[in-house]
Chemist: 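Below is one structure. I have some questions about it.
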Amino acid sequence: MKDSNMTTSRRTVLAAGASLAAASIGMPRWAGAQAPQRPVKIIIGFAAGGGTDALARALADALKPHFPAGVVVDNRTGASGRLAVQAVKGAEPDGTTLLFTPDFCLTVYPHTFSRLGYDPVADLAPVALAAKSGYVLSAGPMVPATVKDAKDYLALARSNPGMASYGSSGAGTTLHFAGAMLEHASGVKLTHVPYKGGALSLQDLMGGQIPVSINAVGEVLPHLSGGRLRALATFGDKRNPFMPNAPTMVESGFKDVVSEAWLGFFLPPRTPADIVARTAVAINQVTSTQELRERFARFGMEPQTGNPRELAALIATDTRRWEPVIKSIGFRAEE
C-alpha cells in the first residue's frame with residue numbers, strides 16, 4: 001500500500017505541475033463555482049503568537065480574496081509539529097485543508113523519530129514553497145574582536161577548547177545539526193549547548209556565557225546594531241539579503257556546509273491535480289506581492305514562489321542532506 005500511495009503522490013505532483021502551467025496562464029484565480037464552498041483551514045503545528053503562526057496569519061489574510069468562503073488558521077500543537085502533519089494526512093482531499101509547515105517536520109524528523117506517524121512523500125501533496133530564512137553563526141563578547149569570520153573562530157576553537165562550544169534553540173533542531181555539519185566539515189570538535197528557544201541562547205551569548213550561537217537570521221538582526229553580537233557567517237548557498245556583509249560558510253571555505261530554513265504548503269494525499277495547481281497559483285500570487293515581502297521581512301524571512309515539483313525536489317534534497325549529519329552524531333529524538 002505504501003508503494004501505491006507513493007506512486008499516486010508522484011503522479012499528483014507531475015499532473016499538478018502540468019496543470020499549474022495552464023493555470024498560471026488561463027485561470028489565475030478559482031472560478032466562483034470551482035472555489036471551495038467551505039472555509040479553507042491552514043493547519044500549523046505550533047502555538048498562536050509564534051513565528052510560524054504569524055507567517056501563517058499573514059498568508060491567510062492575503063489569500064482571502066482567492067477563497068470567497070474564507071481562510072482560517074488552525075493551530076494543532078503537540079508532538080513538535082507532527083500532529084498537524086498527521087491531521088492533514090487524514091483530511092478530505094477537497095482543497096479545504098492546507099498544511100503550512102517548516103522543513104524539519106519533513107526532512108529531519110524521518111531521521112530522528114523511530115515512529116513518525118506519516119510518510120513525508122506518500123502522505124502529503126506538495127503545493128508551493130512560501131518562505132525561506134537563513135541561519136547565522138554569531139559571536140558574543142566572550143570571543144575576541146580579532147575573530148572576524150567562521151574560519152577565525154574555528155582556528156580559535158581548535159587551539160582553545162574552552163571556546164569550542166555553540167548554542168542553539170534546542171537538541172534535535174536544524175540549528176543543532178547545522179553545528180554538527182560545521183564540526184564534521186572543519187574537523188574541529190564542537191560541543192553543542194541546547195537551549196529551550198533561540199531567545200535564551202542569544203541571552204547567554206550576549207551575556208558572555210557561551211562563545212557563539214547558531215540562530216535564525218531574524219532572531220539575531222535586532223541585536224547586531226548594538227555591537228554585542230557579530231555575524232561571523234551565514235549558512236545559505238548565497239549571501240543573506242538581511243546580512244549582506246556576512247560571508248557564507250561556502251565563502252569561508254566549507255563548501256558542504258549549506259542549510260536554510262523554509263516553510264511550505266501541502267494538501268492531503270490524493271488531492272486532484274487541478275486543485276493542487278489552482279491552490280499553488282493563489283499562493284504564488286500572494287507571495288509575489290510587495291506587501292507580503294514587507295511583512296515577512298520583519299521576521300528575516302523572504303517570500304518564495306514555486307510549483308509542486310520543485311517543492312517535492314527540495315524535500316528530497318534536504319532529506320538526503322541531513323541523513324549523514326544526523327547519523328554521524330547518533331541523535332535520536334524522544335518519542
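Numbering starts at 1 and runs along the sequence shown.
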Chemist: Would a 4.5 Å heavy-atom cut-off, applied to side chains only, mark F299 and L55 as touching?
Modeler: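 Of all side-chain heavy-atom pairs linking L55 with F299, at least one is under 4.5 Å.
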Chemist: Looking at Q37, R38, K41, which hits side-chain hydrogen bond (donor to acceptor under 3.5 Å, both in side chains) with T96?
Modeler: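 When Q37, R38, K41 are each tested with T96, the side-chain hydrogen bond (donor to acceptor under 3.5 Å, both in side chains) holds only for R38.
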Chemist: Establish, from distance only, whether the side-chain atoms of H192 and S168 form a donor-acceptor pair under 3.5 Å.
Modeler: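 Yes, S168 and H192 have a side-chain donor paired with an acceptor closer than 3.5 Å.
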Chemist: In this structure, are over 12 heavy atoms from other groups packed under 6.0 Å from Q290 atom CD?
Modeler: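 Above 12, so yes.
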Chemist: Of all residues at least two apart in sequence or in a different chain, which pass the side-chain hydrogen bond (donor to acceptor under 3.5 Å, both in side chains) check with Y135?
Modeler: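 If we apply the side-chain hydrogen bond (donor to acceptor under 3.5 Å, both in side chains) test to Y135, skipping adjacent residues, the hits are T174.
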Chemist: Looking at side-chain heavy atoms only, is the closest gap between M243 and V136 below 4.5 Å?
Modeler: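 Touching, per the 4.5 Å side-chain cut-off.
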Chemist: So how far is it from D123 CG to K89 NZ, rounded to the nearest 0.5 Å?
Modeler: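 Rounded to the nearest 0.5 Å, the CG-NZ separation comes to 4.5 Å.
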Chemist: Starting at CG of L314, measure out to CZ of R321 and round the result to the nearest 0.5 Å.
Modeler: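 Output value for this atom pair is 8.5 Å.
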Chemist: Once you round to the nearest 0.5 Å, how far does OG1 of T234 lie from CE of M249?
Modeler: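 The CE atom of M249 is 8.0 Å from OG1 of T234, to the nearest 0.5 Å.
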Chemist: Decide yes or no on ring-ring contact (aromatic ring centres under 6.0 Å, His included) for H176 and F331, but give the supporting numbers first.
Modeler: CA-CA 10 Å; H176 170 196; F331 181 85; 5.6 Å; yes
Chemist: Is there side-chain contact between S213 and S138, with heavy atoms separated by less than 4.5 Å?
Modeler: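 With C-beta onward as the side chain, the pair stays apart.
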Chemist: Do you know which of T101, T107, D318 makes side-chain hydrogen bond (donor to acceptor under 3.5 Å, both in side chains) with W262?
Modeler: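 Checked T101, T107, D318 against W262; only one passes side-chain hydrogen bond (donor to acceptor under 3.5 Å, both in side chains): D318.
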Chemist: Where is the tightest heavy-atom contact between G172 and V108, given as atom of each residue plus distance?
Modeler: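 Looking at all heavy atoms of both residues, the closest pair is O-CG1, 4.2 Å.
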Chemist: Side chain to side chain contact (heavy atoms under 4.5 Å, CB included), that's the test. Do L311 and N307 meet it? Break it down for me.
Modeler: CA-CA 6 Å; L311 182 52; N307 60 47; over 6 Å; no
Chemist: Just by modelled atom types, is the R239 backbone N or O under 3.5 Å from a matching donor or acceptor in the T248 side chain?
Modeler: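 Not a single qualifying donor-acceptor pair exists.
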Chemist: With heavy-atom distances below 4.5 Å as the criterion, would you say the side chains of T97 and E92 are in contact?
Modeler: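 T97 vs E92: side chains apart.
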Chemist: Can N215 and S169 be said to form a side chain to side chain donor-acceptor pair (under 3.5 Å), step by step?
Modeler: CA-CA 7 Å; N215 296 82; S169 58; over 6 Å; no
Chemist: Are any non-hydrogen side-chain atoms of D103 and E260 less than 4.5 angstrom apart?
Modeler: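 Contact flag for D103/E260 side chains = no.
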Chemist: Please step through side chain to side chain contact (heavy atoms under 4.5 Å, CB included) for the pair I326 and F177, ending with a clear verdict.
Modeler: CA-CA 7 Å; I326 295 168; F177 299 137; 3.8 Å; yes
Chemist: Might you point out which heavy atoms bring R115 and R82 nearest each other, and give the distance in Å?
Modeler: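 That closest heavy-atom pairing would be O-NH1, 3.6 Å.
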Chemist: Could you tell me whether the side chain of N160 and the main chain of L156 form a donor-acceptor pair under 3.5 Å?
Modeler: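 No, the answer is negative, given that no donor and acceptor are paired below the 3.5 Å cut-off.
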Chemist: Would you be so kind as to tabulate the donor-acceptor pairs closer than 3.5 Å made by side chains of residues 73-80, with sequence neighbours excluded?
Modeler:
{"from": "D74", "atom 1": "OD1", "to": "R76", "atom 2": "NE", "distance (Å)": "3.2"}
{"from": "D74", "atom 1": "OD2", "to": "R76", "atom 2": "NE", "distance (Å)": "3.0"}
{"from": "D74", "atom 1": "OD2", "to": "R76", "atom 2": "NH2", "distance (Å)": "3.1"}
{"from": "N75", "atom 1": "OD1", "to": "R57", "atom 2": "NH2", "distance (Å)": "3.1"}
{"from": "N75", "atom 1": "ND2", "to": "F46", "atom 2": "O", "distance (Å)": "2.9"}
{"from": "N75", "atom 1": "ND2", "to": "D53", "atom 2": "OD1", "distance (Å)": "3.0"}

Chemist: Sub-3.5 Å donor-acceptor pair from the side chain of H111 to the main-chain atoms of T319, do we have one?
Modeler: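 Looks like yes, one N/O pair under 3.5 Å.
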Chemist: Quick one: pull up SG in C105 and CD1 in I315 and give me the separation to the nearest 0.5 Å.
Modeler: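 Separation between the atoms: 11.0 Å.
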Chemist: Counting N and O atoms only, with roles assigned by atom type, does the side chain of E294 sit under 3.5 Å from a partner on the main chain of E291, one being a donor and the other an acceptor?
Modeler: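 No.
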Chemist: Going by salt bridge (charged side-chain N to carboxylate O under 4.0 Å, His left out), name the residues that satisfy it together with K238, two or more places apart in sequence or in a different chain.
Modeler: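 For K238, no residue satisfies salt bridge (charged side-chain N to carboxylate O under 4.0 Å, His left out) once neighbours in sequence are set aside.
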Chemist: Counting only heavy atoms not in Q209, do more than 12 fall under 6.0 Å of its CD?
Modeler: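 Yes - once you tally the heavy atoms of other residues, nucleotides and ligands closer than 6.0 Å, there are more than 12.
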Chemist: Counting distance only, does the side-chain N/O of Q86 pair as donor-acceptor with the main-chain N or O of L116 below 3.5 Å?
Modeler: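 It does hold such a pair.
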Chemist: Considering non-hydrogen atoms only, spot the tightest contact between I42 and F100 and give its length.
Modeler: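 Of all heavy-atom pairs spanning I42 and F100, the closest is CG2-CB, 3.6 Å.
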Chemist: Do Y118 and L124 have side chains that approach each other closer than 4.5 Å (heavy atoms only, starting at C-beta)?
Modeler: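 The answer is no, as the side chains (C-beta and beyond) never meet within the 4.5 Å cut-off.
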Chemist: Under the ring pair (Phe, Tyr, Trp, His ring centres under 6.0 Å) test, which residues partner Y109, sequence neighbours left out?
Modeler: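 With sequence neighbours excluded, Y109 shows a ring pair (Phe, Tyr, Trp, His ring centres under 6.0 Å) to F104, F113, given in chain and number order.
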Chemist: Only counting residues at least two apart or in another chain, list the ones meeting side-chain hydrogen bond (donor to acceptor under 3.5 Å, both in side chains) with Y195.
Modeler: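 side-chain hydrogen bond (donor to acceptor under 3.5 Å, both in side chains) list for Y195, sorted by chain: D204.
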Chemist: So, do K132 and L129 sit near enough that their side-chain heavy atoms are less than 4.5 Å apart?
Modeler: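 In short, these two side chains touch, coming nearer than 4.5 Å.
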Chemist: Please list every donor-acceptor pair under 3.5 Å in which a side-chain atom of residues 178-187 meets a protein atom from a residue at least two apart or in another chain.
Modeler:
{"from": "E183", "atom 1": "OE2", "to": "L190", "atom 2": "N", "distance (Å)": "3.0"}
{"from": "S186", "atom 1": "OG", "to": "L182", "atom 2": "O", "distance (Å)": "2.9"}
{"from": "S186", "atom 1": "OG", "to": "E183", "atom 2": "O", "distance (Å)": "3.4"}
{"from": "S186", "atom 1": "OG", "to": "V188", "atom 2": "N", "distance (Å)": "3.2"}

